[in-house]
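A short worksheet on the structure shown next.
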Amino acid sequence: MTARPGRVIKGIFALQIALGAALVVGDIPLGMPRLPGGDRAPALEQPVRPGDQTRRYRPDALPDDGTNRPFPSPADLPDRLALETAEIDGRPVMRMLGTIAPGDGERVTGLLAERIAAAPATELFINSPGGSVDDALEIGRAIRRMDLATAIAAGDVCLSACPYLLAGGTTRSVDAAGSVGVHQHYFGENTVLPAFLAVKDVQRGQGRVMAYLDEMGIDPMVMQHALTTPPEEIYVLVPEELERYRLVTPVAE
């Protein structure tokens, strides 16, 4: 059964209030590391299962599982998004690789249009540790306008802001050996702010994200996992959750 919109909004609002209260009590800005001494989450390469899905996260230190795949090792991903064309199983596809850097929204949108005009392709494979949220939303909307399907291949990752790229696909698929994960984001400058300003920044940013998810047909309740997972960790979604939140689309029979 699909959740009622009112219940969804109330659920997200409650999570934002709880997060804001934590910020105010400790006067701690969103994104500051946890104090030492707490339990450390397992490494990202450790398998996940329902109820055990939080992993340590460093975008500059992604594991390489040695999978024989048509993409570079995560350690070799560029520090801003790169776009390539290739063939997979005899069909032309595009590959979007690397960190989502500030300014990539406008730049990559133009590159996508150029590549499609030069070598038509309808599939976009993504491998990214995340990055700028606002640029990810801009690129995600461009992906939808261009009527592209999105996919995560075996051994590849789509973390942090990357799921917003995935969400832009008209159809979306994630290989069982791929990883999609979410956590708290910075919105704007990554600087220490007074608590009341940090809460306002979070609420504005989450409002933009929720509007985008609704626009793309994604269940915004996926944000409950993002809001409760600190930036130095990542919550890896299991296949049942990818389906429940509509981040993947049903396979045509």
Side-chain angles (χ1 to χ4, degrees), residues 44 48 53 55 57 59 62 69-71 74 77 80-84 88 93-101 104-105 108-109 111-112 115-116 121-185 206 208-226 229 234-252:
L44 184 59
V48 300
Q53 296 162 247
R55 297 291 180 264
Y57 170 77
L62 296 176
R69 57 183 186 269
F71 301 141
L77 291 175
R80 65 184 313 168
L81 285 177
L83 197 63
E84 304 173 354
I88 293 181
V93 301
M94 288 185 291
R95 306 185 297 186
M96 186 177 287
L97 315 167
T99 298
I100 309 165
D104 273 353
V108 173
T109 295
L111 287 175
L112 276 172
R115 291 298 175 96
I116 291 173
T122 60
E123 293 178 274
L124 177 65
F125 283 76
I126 304 168
N127 187 11
S128 172
S132 168
V133 175
D134 287 331
D135 287 271
L137 301 185
E138 183 176 353
I139 297 168
R141 288 189 170 100
I143 289 170
R144 182 62 60 91
R145 286 196 307 272
M146 296 176 190
D147 201 29
L148 295 172
T150 52
I152 310 301
D156 288 334
V157 298
C158 186
L159 308 174
S160 187
C162 176
Y164 307 134
L165 303 181
L166 175 66
T170 52
T171 62
R172 302 171 293 278
S173 63
V174 177
D175 190 277
S179 296
V180 177
V182 297
H183 65 177
Q184 295 169 4
H185 297 307
Q206 292 299 341
R208 294 196 300 273
V209 168
M210 288 174 61
Y212 173 80
L213 292 173
D214 181 65
E215 180 184 341
M216 296 296 128
I218 309 300
D219 186 345
M221 282 305 292
V222 69
M223 295 307 297
Q224 67 182 304
H225 305 296
T229 304
I234 201 83
Y235 180 92
V236 180
L237 297 159
V238 295
E240 294 82 358
E241 291 171 325
L242 292 171
E243 294 177 5
R244 183 192 317 151
Y245 299 124
R246 300 190 292 277
L247 276 165
V248 296
T249 50
V251 177

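Numbers here simply count residues along the sequence, with the first being 1.
Not counting sequence neighbours, the partners of T171 by the side-chain contact (heavy atoms from CB on, under 4.5 Å) test are A149, T249. For R141, the side-chain hydrogen bond (donor to acceptor under 3.5 Å, both in side chains) test picks out E215, with sequence neighbours left out.
In this structure, the separation between SG on C158 and CE on M96 is 10.5 Å, given to the nearest 0.5 Å. Between the CG atom in D134 and the CD1 atom in I100 there is a gap of 11.0 Å [rounded to 0.5 Å]. For the atom pair H225 NE2 and I234 CD1, the distance stands at 12.5 Å (nearest 0.5 Å). Atom-to-atom distance recorded for L165:CG and N127:CG is 11.5 Å, nearest 0.5 angstrom. The line from OG of S128 to CG of L97 is 9.0 Å long, rounded to the nearest 0.5 Å. Remark: M146 CE to R115 CZ distance equals 12.5 Å, nearest 0.5 Å.
Side-chain contact check for C162 versus V157: every heavy-atom pair is 4.5 Å or farther apart. Within the 4.5 Å cutoff, side-chain heavy atoms of L81 are placed close to those of I139. Counting heavy atoms from C-beta outward, V180 and I152 have side chains that approach closer than 4.5 Å. L83 has its side chain within reach of L124: a pair of non-hydrogen atoms, C-beta onward, lies under 4.5 Å apart. Contact annotation: the side chain of I126 never approaches that of D156 to less than 4.5 Å [non-hydrogen atoms, C-beta and beyond]. The closest side-chain heavy-atom distance from V133 to R208 is not below 4.5 Å. R172 has its side chain within reach of I218: a pair of non-hydrogen atoms, C-beta onward, lies under 4.5 Å apart.
A donor-acceptor contact shorter than 3.5 Å is absent between the side chain of R246 and the backbone of M216. A donor-acceptor contact shorter than 3.5 Å is absent between the side chain of R95 and the backbone of E84. In this structure, the side chain of T229 does not engage the main chain of H183 through any donor-acceptor pair within 3.5 Å. A distance-only check finds a donor-acceptor pair linking the side chain of D135 to the backbone of D104 [under 3.5 Å]. A donor-acceptor contact shorter than 3.5 Å links the side chain of Q53 to the backbone of V236.
Ion pairing between R244 and D219 fails under the 4.0 Å rule for side-chain N and carboxylate O.
Among all heavy-atom pairs drawn from L148 and A121, the shortest one is CD2-O, 3.4 Å. Closest of all the heavy-atom pairs between G131 and A161 is O-CB, 3.5 Å.
Tested against Y235, the residues Q224, R55, E241, Q184 include a single side chain to side chain donor-acceptor pair (under 3.5 Å) partner, E241.
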